[in-house]
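Residue numbers count from 1 along this sequence. Please read these numbers as outputs of a predicted model, since none were measured by experiment.
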Amino acid sequence: MYNAPRSMAEKETAGASINVLDPRVAQQVAAGEVVDRPASVVKELVENAIDAGASRIEVELTEGGTSRILVRDDGSGMPRGDATLSVLRHATSKIQNVEDIEAVTTLGFRGEALPSIASVSSFTLTTSTGEGAATKVVVEGGEAAEVSAASHPRGTTVLVDRLFYNVPARRAFLKGARAERAAIVEVVTHLAIAHPTLAFRLTDKGRDYLSLPEAGDLLERLAQILGVAKARALRKVEYESGAFAVSGYAALPSLTEGSRAHQTISVNGRFVRADNLHRGLDDAYRATVPSGRYPPVAVEITADPRRVDVNVHPTKQVVRFSEERAAREAVAAAVRGTIEWRPQAPPSAPRAAERPYTQDRFSVPSRPPADYPSYAAEGDSPYTAPPARGLQEARERLSEASRPLAEPPAEETGQYRELPERGGLPQASPEELRVIGQLAAGYILIEEPGSLWVVDQHVAHERAILDRLNDSDSPATVQSLLVPEVVDLSPAEAELATGSLEELSVYGFEAEPFGPRSVRVTAVISTLADRDIAGAFKDALSAISGTEPGHRREDHILATIACHSAVKMGDRLSRPEMEDLVKSWLESRLPATCPHGRSICYRIGLNEVARKLDRH
């Protein structure tokens, strides 16, 4: 039967006193702060290997790490004296004094990881500097270490058996092998992204779950993990402002995942979980992706170590900046600037000569014309999708992306270099694009040298209007209605409308009560004139009821207005109307996706058309 804690008075009458904990008990309590599951063990050991200068790190598991964890590296290793001290609490080579804590540049520094792990497992460390005999240190559940000579190549191997065998309460909280293994895979993946030039391998009972050879750069590492198809939707991030520099890659809004598992943020080489920085990513993708969707991102924030406090949590995964707001704004500005950027035709590149439209124009040229800017040269990844291609070919294609515009492509395949079907945008200058018609009164067809683009007219117009609504330099005007629009509401909507008319007026809805369950709209924002005013008003009310005041509500209402203002599927457009729509869409900040995160266009290459018609 459960016995409730005694009251303080009962304790005092019973003569209770404060006791100093037994060292082993204290050690296990402290270990709980650093080691809470197999994934935290792997994280600490892999970070130690990185600090030791390893070029290859291998992780071997049994039962998701609940039975056995082995981490092997080819780093610098330790001499006998250091190996013996390494399992003592607060013994470290990373810092010497208080000033060192304020400018930590290594991943580990507290001297707690190894003794914490050793206190809750059967722990064996074997290490060698490559000179003389290796050293083996064995610790059984926090007991005194047994040190002996051993044979081992240069580097360190740590074996952790029976994790939490002596802390049954903690072991009872472990999840199944599959869940614990998934957590380890996620941690190692993030560490591999933060350190792309190192090789990583993760196995469980001999089965490979991660096998990542050394990568030439971050983009190649992301291609190894995400696949080359998704890597094609990544854009390079380079930004510097004040105390912070941000670099890495961010996906176009058209590529999203259901969780943040593919969003890696590192600070000075340290993978971190920082809510503040993740909010910066959310700020960057605001009004471009659906709620609950997260584009893959891998960015590193570089800052003076004295401006970053990495000592706020025992796991060192949480960091604090001296300027939290500036750090968040730097991440948001860096990623937003990247996904808004669109390559333009270089000024030095001569424009393609106009030719009359003939059937020959659709024939596949022997090679891309020299005056047409290549996809790779514009900064987009030149990946093609077949998964069977080897890493070496992917590496060569990645290097192709860094070639200057004037340099001809290394491969002369006789066909245009492939662009992604979705998430990409026309690369030619506006003068080289030609609207060739409308399909099913809903899709605008655009010819670009080497390809055909199919554009969803509704979402393209929606994106252009939203940009105009957000543009403080040329805001949309409010237009009075010749015939006021009477909007019938439900009792709940009528009650909400009565208290929201002032807020709705900020967005151009000038309205007044008109009977117990109706409002009369007398003016709207100019983009809504002659459109579905009643539907827009009701959806704006819904946005007010469903979101808290702030940017999210504003974005929702403006997106609603843009949606109801845009041309609809089924609206037939004249050629000048289509040309104006395409021009305003391509001039918007984020032309790849609509405000709800849907793709706006996709590309059909002429080489694909040729294949379909057997013109090889």
Side-chain angles (χ1 to χ4, degrees), residues 27-52 54 57-73 75 83 86-89 91-92 106-127 137-143 145 155-192 194-195 200-205 209-210 270-273 313-318:
Q27 196 171 40
Q28 290 185 3
V29 170
E33 299 177 341
V34 180
V35 181
D36 63 343
R37 63 189 306 187
S40 56
V41 173
V42 171
K43 172 190 171 293
E44 296 292 345
L45 297 180
V46 170
E47 287 185 340
N48 280 350
I50 294 171
D51 281 342
I57 301 171
E58 298 179 0
V59 180
E60 298 177 5
L61 309 175
T62 302
E63 299 295 336
T66 58
S67 296
R68 176 178 179 270
I69 300 171
L70 183 144
V71 177
R72 180 187 300 112
D73 69 67
S86 68
V87 293
L88 300 181
R89 189 164 298 278
T92 178
T106 55
L107 302 182
F109 63 91
R110 297 167 65 99
E112 290 185 318
L114 293 185
S116 294
I117 296 169
S119 69
V120 292
S121 68
S122 295
F123 178 90
T124 303
L125 178 149
T126 310
T127 184
V137 180
V138 179
V139 180
E140 186 68 32
E143 298 285 354
T156 301
T157 299
V158 177
L159 174 62
V160 178
D161 264 332
R162 299 185 297 150
L163 183 64
F164 298 134
Y165 80 95
N166 55 348
V167 191
R170 176 60 59 87
R171 188 169 180 84
F173 279 90
L174 292 181
K175 298 179 180 179
R178 180 177 298 179
E180 296 297 344
R181 180 173 56 244
I184 293 172
V185 170
E186 182 177 343
V187 166
V188 176
T189 299
H190 285 303
L191 290 170
H195 301 275
F200 290 83
R201 188 183 182 199
L202 170 63
T203 63
D204 191 334
K205 290 185 176 179
Y209 284 87
L210 275 179
R270 180 191 307 278
F271 160 61
V272 298
R273 300 183 188 275
H313 193 276
T315 65
K316 308 177 291 297
Q317 278 194 290
V318 179

Walk me through it: do L125 and T127 pass the test side chain to side chain contact (heavy atoms under 4.5 Å, CB included)?
CA-CA 7 Å; L125 178 149; T127 184; 3.7 Å; yes
Steps toward salt bridge (Lys or Arg N to Asp or Glu O under 4.0 Å) verdict (E180, R37):
CA-CA 8 Å; E180 296 297 344; R37 63 189 306 187; 3.0 Å; yes
Does V59 form a side chain to side chain contact (heavy atoms under 4.5 Å, CB included) with L70? I'd like the steps, not just the answer.
CA-CA 6 Å; V59 180; L70 183 144; over 6 Å; no
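Within the 3.5 Å criterion, the main-chain N or O of R201 finds no donor-acceptor partner in the side chain of E58. Looking only at distances, no side-chain donor or acceptor of N166 sits under 3.5 Å from a matching main-chain atom of G142. With R171 contributing its side chain and T66 its backbone, the two residues share a donor-acceptor pair below 3.5 Å. With hydrogens and angles ignored, the 3.5 Å screen pairs a side-chain donor or acceptor of S40 with a backbone N or O of D36. Not one N or O on the side chain of R181 forms a donor-acceptor pair closer than 3.5 Å with the backbone of T62.
Evaluated for a side chain to side chain contact (heavy atoms under 4.5 Å, CB included) with L114, the options L88, V139, L45, V137 yield exactly one hit, L45.
Between L210 and F200, the closest side-chain pair of non-hydrogen atoms is not below 4.5 Å. A 4.5 Å side-chain heavy-atom check between Y209 and V188 finds every atom pair outside the cut-off.
Of all non-hydrogen atoms in F123 and I117, the two that sit nearest each other are CD1-CG2, 4.0 Å. Closest approach of S116 to S119, counting heavy atoms only: O-OG, 2.8 Å. Between V185 and T189, the shortest heavy-atom contact is O-OG1, 2.6 Å. Taking every heavy atom of both residues into account, I184 and G64 meet most closely at CD1-O, 3.5 Å. Contact between P38 and L174 at its shortest, heavy atoms only, is CD-CD2, 3.7 Å.
Checked by atom type, the side-chain pair E140/S122 shows a donor-acceptor distance below 3.5 Å.
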